[in-house]
Student: 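I have a structure I would like to understand better, so I am pasting it below and will then ask my questions one at a time.
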Amino acid sequence: MPKPIYIINGPNLNLLGQREPDIYGYQTLADIEALCTKQAQAHGYQIVFSQSNIEGELVNQIQAANKLGSAVVINPAAYTHTSVALYDCIKACELPVIEVHLSQPHAREDFRHVSYVSQAAKATISGMGAQSYILGLDAALHLLTLN
């Protein structure tokens with residue numbers, strides 16, 4: 001069995017389904033995890049799914065993925081627009097990293113238009129709700145087949 005794909009979630013994503021459902025939808029993070037598990041298993045992969053509100057823990061998770069995983073799908077949430085630490089960590093990561101967002105950051109507040117993460121990630125998928133995760137997972141799987 002191949003190494004797992006890490007799906008890493010940033011701050012406040014534990015509140016999905018409750019927080020601003022008009023922007024983020026009604027699906028919970030557990031719902032998204034179930035969708036990702038099913039999609040990964042259909043391609044012979046397992047996932048390691050995690051969420052943290054703490055920037056340093058997200059860095060630790062990416063570093064762990066770099067040693068133990070085959071790819072990373074990350075929704076850095078608000079840290080997208082502020083975290084040089086995530087940028088540096090992703091730049092150092094030897095795995096394909098796909099950035100995903102439930103909403104479309106460029107259709108929102110101006111401060112959301114800059115992503116440090118997208119400057120280091122292989123690709124960014126946004127604006128598709130929970131489907132952004134499935135598309136991100138598919139992108140990671142595609143990149144893994146190229147190697």
Side-chain angles (χ1 to χ4, degrees), residues 1-21 23-41 43 45-106 108-141 143-144 147:
M1 171 146 311
K3 292 180 178 181
I5 297 173
Y6 279 63
I7 301 177
I8 300 170
N9 296 278
N12 297 311
L13 290 171
N14 56 307
L15 300 176
L16 286 178
Q18 308 165 36
R19 178 180 170 241
E20 299 180 274
I23 294 173
Y24 301 110
Y26 289 95
Q27 290 179 298
T28 67
L29 198 57
D31 295 334
I32 292 171
E33 180 177 5
L35 291 171
C36 291
T37 298
K38 182 178 178 183
Q39 182 72 358
Q41 287 176 345
H43 294 277
Y45 282 83
Q46 300 296 315
I47 64 169
V48 174
F49 198 92
S50 61
Q51 186 275 329
S52 180
N53 294 319
I54 301 169
E55 183 179 25
E57 288 181 8
L58 299 174
V59 169
N60 288 341
Q61 291 167 13
I62 296 166
Q63 290 177 358
N66 196 39
K67 291 180 183 174
L68 304 171
S70 58
V72 174
V73 175
I74 183 169
N75 182 343
Y79 289 134
T80 300
H81 321 290
T82 64
S83 182
V84 174
L86 286 178
Y87 167 85
D88 287 344
C89 187
I90 292 168
K91 287 290 283 186
C93 188
E94 298 173 356
L95 307 176
V97 177
I98 308 298
E99 175 188 19
V100 299
H101 296 283
L102 296 161
S103 68
Q104 172 50 284
H106 291 286
R108 298 184 60 199
E109 303 91 345
D110 287 346
F111 72 86
R112 295 186 195 275
H113 297 181
V114 175
S115 169
Y116 289 107
V117 172
S118 67
Q119 295 174 46
K122 291 283 185 192
T124 300
I125 298 168
S126 64
M128 301 292 294
Q131 188 66 23
S132 292
Y133 281 83
I134 300 304
L135 295 170
L137 191 53
D138 286 346
L141 290 164
L143 291 172
L144 290 171
N147 293 331

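For the numbers below, each heavy atom of this structure counts, side chains included, while hydrogens, waters and symmetry mates do not.
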Student: What distance separates Ile125 CD1 from Tyr133 OH, expressed to the nearest 0.5 Å?
Tutor: 12.0 Å
Student: Working to the nearest 0.5 Å, report the span between CG of Leu35 and CD1 of Ile134.
Tutor: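 The CD1 atom of Ile134 is 5.0 Å from CG of Leu35, to the nearest 0.5 Å.
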Student: Spell out, as yes or no, whether a donor-acceptor pair under 3.5 Å connects the side chain of Asn53 to the backbone of Asn12.
Tutor: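 Yes, because the side chain of Asn53 sits within donor-acceptor range (under 3.5 Å) of the backbone of Asn12.
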Student: Are any non-hydrogen side-chain atoms of His101 and Pro76 less than 4.5 angstrom apart?
Tutor: yes
Student: Kindly give the heavy-atom pair with the smallest separation between Pro11 and Ala78, and that separation in Å.
Tutor: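 Answer, listing the atom of Pro11 first, then Ala78: CG-N, 4.2 Å.
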Student: Could you list the donor-acceptor pairs under 3.5 angstrom formed between side-chain atoms of residues 63-74 and any protein atom two or more places apart in sequence or on another chain?
Tutor:
{"from": "Asn66", "atom 1": "OD1", "to": "Glu94", "atom 2": "N", "distance (Å)": "2.8"}
{"from": "Ser70", "atom 1": "OG", "to": "Lys3", "atom 2": "O", "distance (Å)": "2.9"}
{"from": "Ser70", "atom 1": "OG", "to": "Pro4", "atom 2": "O", "distance (Å)": "3.3"}

Student: So if I apply the side chain to side chain contact (heavy atoms under 4.5 Å, CB included) rule between Val100 and each of Ile32, Asn9, Asn75, which one comes out positive?
Tutor: Asn75
Student: Sub-3.5 Å donor-acceptor pair from the side chain of Thr124 to the main-chain atoms of Glu99, do we have one?
Tutor: no
Student: So among Ile7, Ile8, Leu58, which one has a side chain to side chain contact (heavy atoms under 4.5 Å, CB included) with Ser50?
Tutor: Ile8
Student: Between Gln61 and Tyr6, which heavy-atom pair has the shortest distance, and what is it?
Tutor: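 Closest approach of Gln61 to Tyr6, heavy atoms only: O-CD2, 4.1 Å.
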Student: Test Ile5 against every option in Leu144, Leu95, Ile98, Val48 by the side chain to side chain contact (heavy atoms under 4.5 Å, CB included) rule and name the one that passes.
Tutor: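 Exactly one option meets the side chain to side chain contact (heavy atoms under 4.5 Å, CB included) with Ile5, and it is Leu144.
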Student: How long is the span from the CG atom in Asp31 to the SG atom in Cys36, to the nearest 0.5 Å?
Tutor: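 Asp31 atom CG to Cys36 atom SG measures 11.0 Å (nearest 0.5 Å).
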Student: Pairs under 3.5 angstrom only: tabulate donor-acceptor contacts from the side chains of residues 83-91 to other protein residues two or more places apart or in another chain.
Tutor:
{"from": "Ser83", "atom 1": "OG", "to": "Glu55", "atom 2": "OE2", "distance (Å)": "2.4"}
{"from": "Ser83", "atom 1": "OG", "to": "Ala85", "atom 2": "N", "distance (Å)": "3.4"}
{"from": "Ser83", "atom 1": "OG", "to": "Leu86", "atom 2": "N", "distance (Å)": "2.9"}

Student: Hey, is the main chain of Gly10 close enough, under 3.5 Å, to the side chain of Gln51 for a donor-acceptor pair?
Tutor: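 Judged by distance alone, yes, a pair lies under 3.5 Å.
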Student: Nearest 0.5 angstrom please: Leu141 CG to Gln39 CD, how far?
Tutor: 7.0 Å
